[in-house]
Protein chains: 2
Amino acid sequence: MAENYSSNVLDLNLGVGNGSGQVGQSLRPRCPAPFLLKTYDLLEESGDGGSGGKIVSWNGDGSGFIVWSPAEFSELTLPRYFKHNNFSSFIRQLNTYGFKKISSKRWEFKHEKFQRGCRDMLVEITRKKCEPSVFPSYLKSSSEENAITSNNSMEENNNSHQLLMEENKNLKKERLELQMQIAEFKSLEMKLLECLSQVMDNHQNKSRGQC
Amino acid sequence: MAENYSSNVLDLNLGVGNGSGQVGQSLRPRCPAPFLLKTYDLLEESGDGGSGGKIVSWNGDGSGFIVWSPAEFSELTLPRYFKHNNFSSFIRQLNTYGFKKISSKRWEFKHEKFQRGCRDMLVEITRKKCEPSVFPSYLKSSSEENAITSNNSMEENNNSHQLLMEENKNLKKERLELQMQIAEFKSLEMKLLECLSQVMDNHQNKSRGQC
DNA sequence: GGGAATATTCCC
DNA sequence: GGGAATATTCCC
């Protein structure tokens, strides 16, 4: 295991802690997720035609990247940037950040905001929401797009106020969705109880009828 | 970094997947959390008086353990068992599993179920996470507490920011409560479905027996 | 591909 | 000490 990227200082630079109070995922962080930076830099560092064949590289137009040799990539590249050497864990992260596998024949991945020469664009990439996952998928609503469309027109100064208001709005929207889900659960619970009651009644009747 | 304990096979053996299609934390897992096993084994492996002074060991009666040298422990011991060498991350895990620091003078920790010679007891130790345990009392939603408790003492027009932050905090608290309610509902739903299934099975069997 | 658990990190 | 985010793993 190497030590440049595995150093702890670089490992987690979470996008929280903006200013005074606290905010979670609804505000855009000032710096990209460590995973994205590492993956990007890993591509920049590769490519310089080394000795053997390429292990991983940008694709032709820099709109995505290709893992040419998953085996070597896992054994040699991954541990230099991450705390593991599992290709599947790397893939899991790609999926978490919304990358798409765009070829069935080779390990080529794309993300709209992940392009060669656009390291600054990485900040636009966010983890897919995993709302504490308490509800079944069939009740899941589309509370996506908390990504803030902040017009860069108004800069620094006090956009923290704007951000707070934005977050506030999102929280209220989320609250509404949660309340609706709870309503659905209540309805579902009643149906289930009703069903249970019927089945038991039915059972009772048959038992009586046959005694 | 060594490789015995860092091997992936041993890393995560989650306590889920019991029997049919069921739930994690309500059923006791068959094997302790990896963190506990590693910490226990690390203590067993130490102690054999090596060359220098002890780095970490059980305490006198085996009811807890002591990290004698945090620096060496972090640099030498931790990376052999975990994917890091940060003492604070180790402490964080201890807290997660309910260990207590029982001395202000040295790094001595205890957990009722973590004792020398009782490796089998580790399975009793669980994470302190938010178990949606059966039916607690957070079903009392704080729907009205959004009325902000503004102390009229501060009356600068700048307090709108404060108010926003306050409301924001309350919204997040409310969100958590709603999510927990949803967790309760989900648990309830599963219980109802299970119950329904049993009743119907029972019904089926009786019917068959009487035809 | 993604849900969910544990692990690691950062912050209060 | 603990909340919460990201990382890693396991499983479907």
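Lettering follows sequence order; numbering is per chain, from 1.
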note = Rounded to whole Å, CD of B:Gln93 lies from P of D:dG1 at a distance of 15 Å
request  = Verify whether the ring centers belonging to B:Phe35 and B:Tyr81 lie closer than 6.0 Å.
outcome  = no
query = So, for B:Phe65 and B:Trp107, is the gap between ring centers shorter than 6.0 Å?
reply = no
key: Nucleotide nearest B:Ser89 when distance is taken to its side chain, options D:dT6, C:dT9, C:dA7   = C:dT9
ask   = Less than 4.0 Å between a side-chain N and a carboxylate O, is that true for B:Arg119 and B:Glu44?
value = no
task = Check whether any side-chain N or O of A:Asn86 sits under 4.0 Å from OP1 or OP2 of D:dT9, and answer yes or no.
result = yes
request  = Using atom NE2 of A:His84 as one end and atom P of D:dT9 as the other, report the distance to the nearest whole Å.
outcome  = 6 Å
query = Over how many whole Å does the gap from A:Asn95 atom CG to D:dC12 atom P extend?
reply = 18 Å
query = What about A:Arg92, does its side chain sit under 3.5 Å from the base of C:dG2 through a donor-acceptor pair?
reply = yes
ask   = If you look at every heavy atom in A:Ser63 and A:Lys110, which pair is closest and at what distance?
value = OG-CE, 3.1 Å
key: Nearest to side-chain heavy atoms of B:Lys128, which nucleotide of D:dA7, C:dT8, D:dG2   = D:dG2
task = Can you tell me the distance, in whole Å, between the NE2 atom of A:His111 and the P atom of C:dG1?
result = 14 Å
request  = Give the rounded distance in Å between these two atoms: CZ of B:Phe82 and P of D:dA7.
outcome  = 21 Å
remark   = Here the distance between atom P of C:dA7 and atom CZ of B:Phe87, to the nearest Å, is 17 Å
message = Whole angstroms only, please: what is the CZ-P distance between B:Phe35 and C:dT8?
response = 9 Å
request  = Send over the distance from A:Tyr97 OH to C:dG2 C1', rounded to a whole Å.
outcome  = 15 Å
task = Indicate whether OP1 or OP2 belonging to C:dT9 is found under 4.0 Å from a side-chain N or O atom of A:Lys83.
result = yes
